[in-house]
Amino acid sequence: MALNGKIAVVTGAALGIGKAMTEILLQNGATVVLLDVNEAAGKSLKEALDKQYGREKTLFLNCDVESEEHIKAAFQKTVETFGGIDILCNNAGILNERTWEKMISINLVGAIRVAYLALQHMNKLAGGRGGVIVNTASMAGLGPLMSCPVYTATKHGVVGFTRAMAAASTASGYGIRFNALCPGFVQTDLFSAIPSNLGHYSHLADATQQMADMMGTLTVSLVAECLLELVNDETKNGEALLVTTNGNKYITFPVFTLSRGP
Ligand SMILES: NC(=O)c1ccc[n+]([C@@H]2O[C@H](COP(=O)([O-])OP(=O)(O)OC[C@H]3O[C@@H](n4cnc5c(N)ncnc54)[C@H](O)[C@@H]3O)[C@@H](O)[C@H]2O)c1
Ligand SMILES: CCCCC[C@H](O)/C=C/C=C\C=C\C=C\[C@@H](O)[C@@H](O)CCCC(=O)O
């Protein structure tokens with residue numbers, strides 16, 4: 001299979017989209033390290049995956065992406081156990097406008113921290129094997145959701161970080177592709193909890209639900225298939241892949257040509 005011999009790390013792997021990413025990577029032959037702050041869910045998933053794929057194909061590590069210490073230890077354990085990192089699914093995230101500083105700390109700062117620490121092991125200039133980093137953003141990373149402005153900001157940040165890192169990697173010779181995955185509404189615990197997590201914007205919950213009803217909700221499996229596309233297609237670097245129930249689209253962004261002033 002296409003990912004035989006590849007070592008993948010998935011953050012937020014225990015539930016939802018991360019769990020589906022873990023499963024499709026295993027189905028395609030990768031060895032997967034599951035990182036999650038939810039130890040019970042992570043251990044339960046590991047137990048189930050052991051039965052299906054064998055104990056040696058996965059490793060679960062309790063890891064909070066807000067903790068540099070946790071991430072460093074997780075990547076060190078990964079490299080010691082499996083010899084390196086080829087694929088990073090930078091997926092962990094929350095939606096809670098009431099605890100918006102924490103949401104920034106997890107969704108944006110955490111994603112940047114995980115990517116930077118993974119670079120220390122993946123970067124060809126640092127002895128790594130290169131590879132691909134897919135950051136889970138959102139459709140809300142491409143256009144604003146009035147009911148969750150800070151969530152929108154974190155996901156716009158993830159898209160911007162991804163595109164800039166893709167250019168930096170190419171210019172520097174890191175040998176790593178960076179892409180952003182931008183799903184619409186996906187049926188997960190995060191999506192189900194939205195009405196209670198909008199804080200000041202709870203009065204806009206109905207409007208958002210109407211939008212979700214109109215747009216439809218995606219399955220985690222469909223999102224995982226898009227992840228696999230970004231992992232496998234080596235022509236993809238600096239892309240933002242929008243995933244909706246009406247199909248998928250690689251987003252084109254404005255290009256600002258460098259020219260001297262008048
Ligand atoms: N569900 C949607 O509609 C949707 C749409 C687009 C993008 N996303 C994004 O997809 C990603 C996954 O979301 P989901 O819908 O699967 O949510 P989920 O709540 O079902 O799963 C998120 C997982 O991340 C873990 N997690 C949360 N905080 C963490 C932390 N600090 N450290 C490590 N792990 C942590 C949770 O324990 C959980 O296992 C998020 O980044 C989210 O913003 C979700
Ligand atoms: C409050 C729901 C958050 C769900 C989080 C998850 O990331 C899913 C996002 C799904 C869809 C996002 C759609 C964004 C649409 C914008 O581009 C804009 O067109 C919406 C305008 C209407 C509005 O409510 O702001």
Side-chain angles (χ1 to χ4, degrees), residues 9-22 34-45 60-68 70-71 74 89-97 99 102-111 113-114 134-159 180-199 201-224 226-227 240-246 251:
V9 176
V10 181
T11 70
L15 296 169
I17 293 169
K19 178 180 176 186
M21 289 176 167
T22 297
L34 293 70
L35 305 184
D36 205 297
V37 71
N38 185 331
E39 188 159 16
K43 284 182 173 176
S44 173
L45 178 57
F60 169 70
L61 297 171
N62 187 359
C63 176
D64 182 344
V65 299
E66 290 191 275
S67 164
E68 178 160 359
H70 281 194
I71 302 163
C89 301
N90 208 351
N91 171 75
I94 66 170
L95 191 161
N96 192 327
E97 291 289 329
T99 57
K102 185 175 184 64
M103 184 163 58
I104 293 171
S105 174
I106 292 170
N107 292 12
L108 182 56
V109 177
R113 180 182 296 114
V114 168
V134 180
N135 296 322
T136 304
S138 164
M139 187 173 178
L142 303 169
L145 266 175
M146 63 180 175
S147 55
C148 46
V150 177
Y151 180 85
T152 296
T154 68
K155 295 304 184 177
H156 273 66
V158 169
V159 171
L181 185 59
C182 303
F185 298 102
V186 188
Q187 197 52 58
T188 69
D189 290 353
L190 178 147
F191 176 72
S192 304
I194 285 166
S196 57
N197 286 338
L198 296 182
Y201 308 95
S202 299
H203 60 289
L204 300 176
D206 288 348
T208 299
Q209 187 57 55
Q210 285 164 19
M211 188 167 67
D213 293 342
M214 184 183 67
M215 292 175 62
T217 52
L218 299 155
T219 64
V220 291
S221 302
L222 196 147
V223 176
C226 293
L227 164 83
L241 176 56
L242 173 63
V243 184
T244 75
T245 53
N246 292 326
I251 299 297

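One-based numbering, in listed order, for ligands and for the atoms of each. Since this is a predicted model, take the numbers as computed values, not measurements.
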Provide the number and element of each atom of ligand 2 under 4.0 Å from a heavy atom of [X].
{"X": "Leu95", "answer": "3 (C), 4 (C), 5 (C)"}
{"X": "Ser147", "answer": "1 (C)"}
{"X": "Thr208", "answer": "1 (C), 2 (C)"}

Judged on heavy-atom distance to [atom], which of [options] sits nearest?
{"atom": "atom 1 (N) of ligand 1", "options": "Thr188, Leu34, Val220", "result": "Thr188"}
{"atom": "atom 41 (O) of ligand 1", "options": "Thr136, Asn91, Val10", "result": "Asn91"}
{"atom": "atom 3 (O) of ligand 1", "options": "Val186, Ile94, Asp64", "result": "Val186"}
{"atom": "atom 22 (C) of ligand 1", "options": "Ala92, Gly93, Cys89", "result": "Gly93"}
{"atom": "atom 33 (C) of ligand 1", "options": "Ala40, Gly12, Ala20, Cys63", "result": "Cys63"}

What protein heavy atom sits nearest [atom], and how far away is it?
{"atom": "atom 39 (O) of ligand 1", "result": "Asp36 OD2, 2.6 Å"}
{"atom": "atom 7 (C) of ligand 1", "result": "Ala137 O, 3.2 Å"}
{"atom": "atom 8 (N) of ligand 1", "result": "Tyr151 OH, 3.6 Å"}
{"atom": "atom 16 (C) of ligand 2", "result": "Pro144 O, 3.2 Å"}
{"atom": "atom 22 (C) of ligand 2", "result": "Met211 SD, 3.7 Å"}
{"atom": "atom 13 (O) of ligand 1", "result": "Leu190 CD1, 4.1 Å"}
{"atom": "atom 6 (C) of ligand 2", "result": "Tyr151 OH, 3.4 Å"}
{"atom": "atom 35 (C) of ligand 1", "result": "Val37 CG1, 3.6 Å"}
{"atom": "atom 24 (O) of ligand 2", "result": "Met146 CG, 3.7 Å"}
{"atom": "atom 4 (C) of ligand 2", "result": "Ile194 CD1, 3.7 Å"}
{"atom": "atom 5 (C) of ligand 1", "result": "Gly184 O, 3.0 Å"}
{"atom": "atom 9 (C) of ligand 2", "result": "Ser138 OG, 3.4 Å"}
{"atom": "atom 32 (N) of ligand 1", "result": "Val65 N, 3.0 Å"}
{"atom": "atom 14 (C) of ligand 2", "result": "Leu145 CG, 3.8 Å"}
{"atom": "atom 17 (O) of ligand 2", "result": "Gly143 CA, 3.2 Å"}

Purely on distance, is any nitrogen or oxygen of [X] under 3.5 Å from one on ligand 1?
{"X": "Glu66", "answer": "no"}
{"X": "Ile106", "answer": "no"}
{"X": "Ala13", "answer": "no"}
{"X": "Ile17", "answer": "yes"}

Does ligand 1 have any atom that is closer than 4.0 Å to a heavy atom of Gln187?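 In this structure, Gln187 fails to qualify as a contact of ligand 1 - no heavy atom is under 4.0 Å.
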
So, does Ala140 sit close enough to ligand 1 that a heavy atom of it is under 4.0 Å from the ligand?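 The answer is no: ligand 1 sits nowhere under 4.0 Å from a heavy atom of Ala140.
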
Protein heavy atom under 4.0 angstrom of atom 19 (O) of ligand 2, is there one?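 For atom 19 (O) of ligand 2 the answer is no, since every protein heavy atom stays at 4.0 Å or beyond.
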
From OG1 (Thr208) to CG (Leu198), nearest 0.5 Å: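 Thr208 OG1 to Leu198 CG: 6.0 Å, rounded to 0.5 Å.
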
Examine ligand 2 and decide if any of its atoms is less than 4.0 Å from a heavy atom belonging to Phe191.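 No, that is not the case, since the closest heavy atom of the residue is not under 4.0 Å from the ligand.
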
